[in-house]
Amino acid sequence: IWKMNKIMITGSSGFLGNKLTSALKNKYQAICIDKSNGLNFLDKTTYNKIERNCDSRIILIHLAFIQNDYDANMKMLENLSILPKNIILFFPSTVLVYGTKNNQIVTEDSTIDPENEYAKSKLAMEEFVQRKFEKTVIFRLTNVYGNQLKENTVISRIISNILKNK
């Protein structure tokens, strides 16, 4: 078990970041890093500010993400790579890196076969963070849902249609 008391969360005001920050704030020192507090993840100087809060005993959960912009997301990761290499980086990816062709249960040992640009970009980002950081934890998410989910997501539309008997 890691004895950490500082958790840094990028994208802390987003859907996942907001929920995670709320869940962790009573037990850990949550350092919230987000565009809502004036930080631009595409600007390398932002990471110099972040680095001042980093040491080898910190967990960084990188949830900041710009939808449909692979180049911007890679730029964020490149900028993030100036942080100490021995921090523990948690990186969200997608179960779609396994593909959907075989309709079988997916495990961590399943064959990687991304079928669309989103899945391919997430796989490239996974490989990048594994090269740049000594300790990475990648979690491959399926669809997430909950209160305050944007209305344009697949899960929101399904729930809305069920409630409307469609």
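Reckoned from all heavy atoms, side chains included, excluding hydrogens, waters and symmetry mates. Just so you know, these numbers come straight off a predicted model, no measurement behind them.
Note that the OG atom of Ser12 and the NZ atom of Lys19 stand 13.5 Å from one another [nearest 0.5 Å]. To the nearest 0.5 Å, the span separating CG on Leu123 from OH on Tyr98 amounts to 10.0 Å. With rounding to the nearest 0.5 angstrom, the CG atom of Asn68 is 9.0 Å from the OG atom of Ser121. A distance of 10.5 Å separates OG of Ser13 from CG of Leu63, quoted to the nearest 0.5 Å. Here CG of Asn73 is found 4.5 Å from CZ of Phe65. Values are rounded to the nearest 0.5 Å. The distance from the CD atom of Glu126 to the CD1 atom of Ile138 is 4.5 Å, given to the nearest 0.5 Å.
Between the side chain of Ser110 and the main chain of Thr107, a donor-acceptor pair closer than 3.5 Å is present. Within the 3.5 Å criterion, the main-chain N or O of Pro92 finds a donor-acceptor partner in the side chain of Lys122. One N or O on the side chain of Glu115 and one on the backbone of Thr100 form a donor-acceptor pair closer than 3.5 Å.
Side chains of Leu77 and Val129 form a contact here, defined as non-hydrogen atoms less than 4.5 Å apart. For the pair Lys6 and Ile59, the minimum side-chain heavy-atom distance is 4.5 Å or more. Counting heavy atoms from C-beta outward, Leu60 and Leu80 have side chains that approach closer than 4.5 Å. Side-chain contact between Met74 and Phe128: present, with at least one pair of heavy atoms (C-beta onward) separated by less than 4.5 Å. You'll find the side chain of Ile82 stays beyond 4.5 Å of the side chain of Asn79, heavy atoms only. No side-chain heavy atom of Thr10 sits under 4.5 Å from any side-chain heavy atom of Asp34. By the 4.5 Å heavy-atom criterion applied to side chains, Ile9 and Leu20 are counted as neighbours. Considering only heavy atoms from C-beta on, Leu96 comes within 4.5 Å of Tyr118 through its side chain.
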Q: Begin with the C-alpha distance, continue with both residues' side-chain angles, and end with the deciding distance and a verdict on side-chain contact (heavy atoms from CB on, under 4.5 Å) for Ile87 and Phe133.
A: CA-CA 7 Å; Ile87 63 173; Phe133 292 91; 3.9 Å; yes
(Q) Before you tell me yes or no, could you show the steps for Phe90 and His62 under side-chain contact (heavy atoms from CB on, under 4.5 Å), namely the whole-Å CA-CA distance, both residues' side-chain angles and the distance that decides it to 0.1 Å? (A) CA-CA 6 Å; Phe90 281 71; His62 180 60; over 6 Å; no
Q: Starting from the C-alpha separation in whole Å, work towards a yes-or-no answer on side-chain contact (heavy atoms from CB on, under 4.5 Å) for Ile61 and Leu89.
A: CA-CA 6 Å; Ile61 303 172; Leu89 175 67; over 6 Å; no
(Q) What verdict does the side-chain contact (heavy atoms from CB on, under 4.5 Å) test give for Val95 and Leu141, after you've listed the backbone C-alpha separation in whole Å, the side-chain angles of each residue and the deciding distance to 0.1 Å? (A) CA-CA 6 Å; Val95 71; Leu141 303 171; over 6 Å; no
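In the displayed structure, Lys25 atom NZ is contacted under 6.0 Å by at most 12 heavy atoms of other residues, nucleotides or ligands.
A continuous path of hydrophobic side-chain contacts links Phe139 to Leu24 [ILVMFWY only; heavy atoms under 4.5 Å]. In the hydrophobic clustering of this structure, Leu83 groups with Met125; members are Ile, Leu, Val, Met, Phe, Trp, Tyr whose side-chain heavy atoms approach within less than 4.5 Å, directly or through other members.
Ala119 and Asn116 get closest at one heavy-atom pair: N-OD1, 2.7 Å. Between Val97 and Ser93 the shortest heavy-atom distance is CG1-OG, 4.0 Å.
Residue pairs meeting the salt bridge (charged side-chain N to carboxylate O under 4.0 Å, His left out) criterion with at least one partner in residues 65-79, sequence neighbours excluded, are absent.
Salt-bridge formation is not detected for the pair Arg140/Glu108: no Lys NZ or Arg NE/NH1/NH2 atom is positioned less than 4.0 Å from an Asp or Glu carboxylate oxygen.
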